[in-house]
Amino acid sequence: MKNARWKRTFATIYAGQAFSILGSAAVQFAIIWNLTARTESAMTLTLATMVSFLPNMVLGPFAGVWIDRYNRRTVMMAADGLVAISSGALGAAFLLWGTPPVWFVYLILFVRGLGNTFHTPAMQAAIPMFVPADMLTKAGGWGNLIVSLSTMAGPALGAWLMAAFPIAAVMLVDIAGAAFAILCLLMIALPDVPRRSEAVHMWSDLRQGFQAMRENKALAAVFWPVVLTSILYLPLSSLFPLLVRVHYQGGAWHNAVVQLVFSAGLLLSSLVLGLWGSSKGRFRMVSAAIGAMGLLVCMSGLLPSEAFAVFVMCSFLMGGSGTFFDVPLMAHIQETVPPEMMGKVFSLLTTAMTLATPFGLLAAGPVSEMLGVQTWFAGSGLLMVILGAFCFLSTRKYDRPAEENRRASNE
């Protein structure tokens, strides 16, 4: 597609997604805060988080089979519609029952998670259908920026809406956002994905997804460093408040500053990739990001308790490093995986990343309790530095010009 045309398509899709994600983030905040105020139970909130993740953990690998069978625009519209219906059902429950039972809220969270299980990989698999290969990294940076801004603004919007309106009315924001996203998707066209067979053979198609990952030599080389890094890194978001409180002797506003500067780093790096990202050196970026995140995490655990200002700077750089870890990898998959396999590959990778959080927490929790949270930061950061070096050594031969890398990935 010509330059102006793909940019219009990209802008149209992400305009809709920005409002959809904003509405979903606001409603998600409202749901969780309502549960918090009603129950004041850590176990209730933990179960709510697990229920939200459950569809991706259980059904995530299979979602790609359906994504690769149907038009990706249709899949995204159906996923947006499902999330909107779930919000409408919860709003009706608040009107009818006043206070719906917790099990019903869990059911709604499960359905919302189900929609996201299909939407995220379908979106990633749709991008290379209209974005030129040499623009994928820049497009990933802009997309990451838009998603991050909407995700950040969502909780603030949710808090304001809950103060101004009944919670049943807050659900309308998600419905409106989903409707706008669907309208934007109706304004663009995406081609159907080539099918290898008409019938759906779930396990056979799933094996094809695994096979596609193995045959993509560059992806196979980077897969385990990325997954192991995720196991070490993703749970840290749950431990940041504890590190601020216990090690740096901070309060709520100290934690708010850390979260803010982390998000600012993420936004700035997304903007940098959106403006200057290229298809060259993607795996060097991934390896450097892993090493940089590891060094910064390790420093955060080793700094003295009075060095909070230095920890804030580390948090800013950590947020910035995360974009260089995620976007180049997504761009490589979008460029080198066959279109009819892309949904399966993205679903498998998304599931692996989702599972990283509970597995990481299972390791991080006991270690932090026994040895201190700062010890976990220092040790996990050191392991990430080692993983960054290993990733560089195992993937450096794939950092070639885009057209050569596409061929080398399948050699």
Side-chain angles (χ1 to χ4, degrees), residues 1 5-28 52 55-56 59-92 107-131 139-140 142-144 146-147 149-151 154 171-195 198 200 202 205 330 334 339-347 350-351:
M1 301 180 78
R5 188 179 174 191
W6 81 257
K7 287 183 177 180
R8 282 197 302 269
T9 302
F10 183 87
T12 301
I13 290 177
Y14 268 97
Q17 293 308 309
F19 282 96
S20 178
I21 293 168
L22 178 64
S24 290
V27 167
Q28 190 79 2
S52 299
N56 200 293
L59 302 175
F62 304 99
V65 174
W66 298 102
I67 292 169
D68 287 338
R69 290 280 173 174
Y70 296 99
N71 187 283
R72 282 158 188 168
R73 185 187 71 159
T74 304
V75 174
M76 287 188 286
M77 290 168 59
D80 280 328
L82 182 63
V83 173
I85 290 170
S86 70
S87 295
L90 185 57
L107 177 61
I108 296 299
L109 290 172
F110 179 87
V111 174
R112 293 172 65 83
L114 184 62
N116 291 328
T117 297
F118 283 85
H119 190 282
T120 301
M123 183 74 174
Q124 292 288 357
I127 296 299
M129 301 183 80
F130 61 90
V131 175
W142 285 114
N144 210 48
I146 294 167
V147 171
L149 283 171
S150 298
T151 304
M171 301 298 119
L172 295 175
V173 175
D174 201 10
I175 297 172
F180 184 67
I182 292 171
L183 178 63
C184 289
L185 288 169
L186 288 171
M187 296 170 63
I188 60 100
L190 293 177
D192 290 325
V193 182
R195 297 185 185 181
E198 290 300 321
V200 176
M202 189 65 69
D205 285 8
M330 297 299 106
Q334 290 167 340
E340 65 273 16
M341 291 288 111
M342 202 172 295
K344 301 180 190 69
V345 170
F346 273 121
S347 292
T350 301
T351 301

Shortest non-hydrogen contact from Ile188 to Arg73? O-NH1, 2.7 Å
So Val27 and Arg112, do their side chains get closer than 4.5 Å, heavy atoms only? yes
Atom pair CG (Leu172) and OG (Ser87), whose distance is rounded to the nearest 0.5 Å: 9.5 Å
May I ask you to decide if the ring planes of Tyr14 and Phe10 are parallel, tilted or perpendicular, using 30° and 60° as cut-offs? tilted
Can you tell if the side chain of Ile13 reaches within under 4.5 Å of the side chain of Met123, non-hydrogen atoms only? yes
Exam field: side chain Gln334 to backbone Gln124, donor-acceptor pair closer than 3.5 Å: yes
Quick one: sort the Phe19 and Phe180 rings into parallel, tilted or perpendicular, breaks at 30° and 60°. perpendicular
With heavy-atom distances below 4.5 Å as the criterion, would you say the side chains of Asn71 and Val75 are in contact? no
Heavy atoms only: give me the nearest Ala18-Ser150 pair and the separation to one decimal. O-OG, 3.1 Å
Nearest heavy-atom contact between Gly16 and Ala181 is O-CB, 3.4 Å
With rounding to the nearest 0.5 Å, note down the distance linking CE in Met187 to CZ in Arg8. 11.0 Å
In Å, rounded to the nearest 0.5 Å, how long is the span from OG1 of Thr12 to CG of Leu183? 10.0 Å
Measuring from Ile108:CD1 to Gln28:CD, what's the distance to the nearest 0.5 Å? 11.5 Å
Quick one: pull up CG in Asn116 and CG in Leu82 and give me the separation to the nearest 0.5 Å. 9.5 Å
Checking Ser20 side chain against Gln17 main chain: does a donor-acceptor pair fall under 3.5 Å? no
For Ile175 against Ala84, the heavy-atom pair lying closest together: CG1-O, 3.6 Å
Do you know which two heavy atoms are closest between Ala122 and Met76, and how far apart they sit? CB-CG, 3.9 Å
Would Leu22 and Val173 count as a side chain to side chain contact (heavy atoms under 4.5 Å, CB included) here? Give the steps. CA-CA 9 Å; Leu22 178 64; Val173 175; over 6 Å; no
Point-to-point distance, once rounded to the nearest 0.5 Å, from CD1 of Ile146 to CD1 of Ile21: 8.5 Å
All heavy atoms of Gly115 vs all of Ala79, minimum pair found to be O-CB, 3.3 Å
